[in-house]
Number of protein chains: 2
Amino acid sequence: MPVAAETTMSSCPEDIKTIPERVFCQLREDIVEGRISAGSRISEAELAGRYGTSRGPLREAISQLAAVGLVERRPNVGARVIELSSKQLLDVFHVREALEGTAARQAAERMDAAAVQQLRDTLAAHEQRIGQDGGHTYFQESGDVDFHYRIIQGSGNRYLIKLLCHDLYYLVRMYRCQFGMRSKRGPAALKEHGAIVDAIARGDGDMAELLMRAHVRASRANVEQMLMEKVEVN
Amino acid sequence: MPVAAETTMSSCPEDIKTIPERVFCQLREDIVEGRISAGSRISEAELAGRYGTSRGPLREAISQLAAVGLVERRPNVGARVIELSSKQLLDVFHVREALEGTAARQAAERMDAAAVQQLRDTLAAHEQRIGQDGGHTYFQESGDVDFHYRIIQGSGNRYLIKLLCHDLYYLVRMYRCQFGMRSKRGPAALKEHGAIVDAIARGDGDMAELLMRAHVRASRANVEQMLMEKVEVN
DNA sequence: CGTGTCTATATTGTCGACAATATAATATCA
DNA sequence: TGATATTATATTGTCGACAATATAGACACG
């Protein structure tokens with residue numbers, strides 16, 4: 001009974017009706033996973049071919065990508081995939097810290113008993129996985145994502161949900177994929193998750209926010225360190 | 001030498017080249033100001049006529065509006081302007097509190113002397129205006145917006161700037177217009193602004209964030225009260 | 001040899017026509 | 001008469017063709 005798969009923010013849902021929507025998803029995935037390299041130009045004609053559609057729907061998809069911030073558009077010139085810089089990655093983490101902190105606070109205020117229980121289950125599953133395979137990175141990541149996802153949903157704040165789940169996480173994933181970073185702080189993160197759940201269960205919004213912010217901050221520090229090491233290597 | 005006009009987030013810049021961009025701006029303005037009423041359906045054909053273009057560019061504009069969250073789209077049915085509820089307004093304020101707090105913190109860390117001076121000037125102009133006309137609401141609003149705008153820009157965090165200046169503020173403005181609320185706490189807000197500037201000038205990020213969050217929270221409390229009064233009246 | 005201009009080409013921007021879908025109005029049957 | 005099936009209509013979705021613009025290359029000139 002893996003809880004993860006179903007609830008994770010799915011890559012490209014099947015129930016997509018319209019072409020622009022489908023292309024938007026696929027294109028986003030290709031960008032995030034690095035199949036279309038950062039900074040590269042996006043040719044409408046070429047992509048129309050690749051995704052088997054005409055340029056109309058494709059332009060719509062590109063518009064949306066631009067609105068979300070994954071590509072940059074210049075009139076009469078075209079669109080390019082955004083460039084990734086360390087500074088911007090850290091800036092994104094600052095935003096994430098603030099937003100996820102608020103999510104945790106509101107989750108503490110609004111989650112009902114059932115939701116809290118589900119959250120506990122997620123955490124337990126995650127714990128078990130780490131125990132089993134000593135923190136095989138993939139499950140660790142997906143477990144982490146699932147945990148955060150649940151809390152964000154639990155906040156019941158639609159705008160927050162939109163920002164974090166629909167916009168920001170794709171950016172974060174893009175960095176993860178392309179800078180090739182996997183969090184190596186599984187057990188530590190797990191403990192922090194536990195404390196956060198407790199605060200939420202208690203209905204202690206202040207503490208939940210505090211802990212979540214610290215958690216994201218620690219994650220950022222981890223990333224920051226990896227970036228430094230990378231610079232040294234190169 | 002009014003500082004405000006030039007730097008305020010302009011409604012619809014003149015230097016717009018492409019039609020979708022122009023339509024996006026105009027349509028957004030019409031929605032924000034309530035000329036297209038909340039919850040109403042958006043007919044592509046009708047709007048294409050109104051803005052003097054064909055349906056292609058219009059669809060692109062609608063896509064972007066949807067990505068920003070001002071309209072909701074259903075496949076094969078059409079788009080509607082979002083409905084405004086008190087709960088969602090308050091949720092937006094929660095997000096704003098978190099983001100502007102971060103903006104203030106980063107501004108404190110990153111603004112140079114010149115930028116801080118500009119901020120002071122903005123504040124001084126605002127103060128003078130309030131003194132003159134006893135807080136004529138229009139200038140008060142625009143001064144407030146300008147102040148926040150400067151700090152957000154001062155954070156140097158591109159993602160933050162995008163979220164606050166390009167997405168969130170239009171939502172806030174939409175609520176302001178349609179719920180017809182003007183902040184009646186001019187002098188109080190001004191004091192708070194002063195304290196924030198001091199913290200930023202000092203480079204005290206913690207304090208700047210704390211004060212900014214309190215400031216936004218106070219604004220939210222004000223809005224909350226007005227909402228309650230409204231309910232009573234009706 | 002460097003610089004500026006001009007032209008050729010490729011790419012984006014825009015449009016109108018046609019296809020697919022949802023909604024509403026109508027008709028049919030128990 | 002009520003509910004369901006069916007058609008009609010209006011709206012959205014999609015496409016291919018044409019116009020406008022920017023970029024790269026050739027060419028002339030200082």
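Just so it is clear, the model here is predicted, and its values are computed rather than measured. In what follows, chains are A, B, ... by sequence order, proteins preceding strands, each numbered from 1.
Residues from residues 48-60 of chain B placing a heavy atom under 4.0 Å of any atom in DNA chain D, listed by number, are Arg55(B), Arg59(B). The stretch residues 63-73 of chain A has no heavy atom under 4.0 angstrom from DNA chain C at all.
Nearest heavy-atom pair, Ile161(A) versus Ile152(A), reported as atom, atom and distance to 0.1 Å: CG1-O, 3.6 Å.
A cation-pi contact, defined as under 6.0 Å to the ring centre and within 45° of the axis, links Arg28(A) to Tyr170(A).
Checking side-chain atoms of Ser85(B) against main-chain N and O of Gln88(B) turns up a donor-acceptor pair under 3.5 Å. Between the side chain of Arg96(A) and the main chain of Arg217(A), no donor-acceptor pair closer than 3.5 Å is present.
No contact: Ile62(B) has no heavy atom under 4.0 Å from any strand.
In summary, Arg59(A) and Glu60(B) engage in a salt bridge, as defined by a charged side-chain N under 4.0 Å from a carboxylate O. With respect to Asp91(A) and Arg110(B), a salt bridge is recorded, a charged nitrogen being found less than 4.0 Å from a carboxylate O. A salt bridge is absent between Glu29(B) and Arg35(B); no separation between the charged side-chain nitrogens and carboxylate oxygens falls under 4.0 Å. A salt bridge is defined here as a Lys NZ or Arg NE, NH1 or NH2 lying under 4.0 Å from an Asp or Glu carboxylate O, and Arg55(A) with Glu44(A) meets this definition. A salt bridge between Asp167(A) and Lys162(A) is present, with a side-chain N of the basic residue lying under 4.0 Å from a carboxylate O of the acidic one.
When the nearest nucleotides of DNA chain D are assigned to Gly78(B) and Arg74(A) by heavy-atom distance, the more 5′-ward of the two goes with Gly78(B).
Protein chain B contacts DNA chain D from dT11(D) to dT14(D), reading 5' to 3' and using non-hydrogen atoms of the protein with a distance under 4.0 Å.
Checking each of Gln153(A), His148(A), Glu100(A) against Leu164(A) for a side chain to side chain contact (heavy atoms under 4.5 Å, CB included) leaves exactly one that passes, namely Glu100(A).
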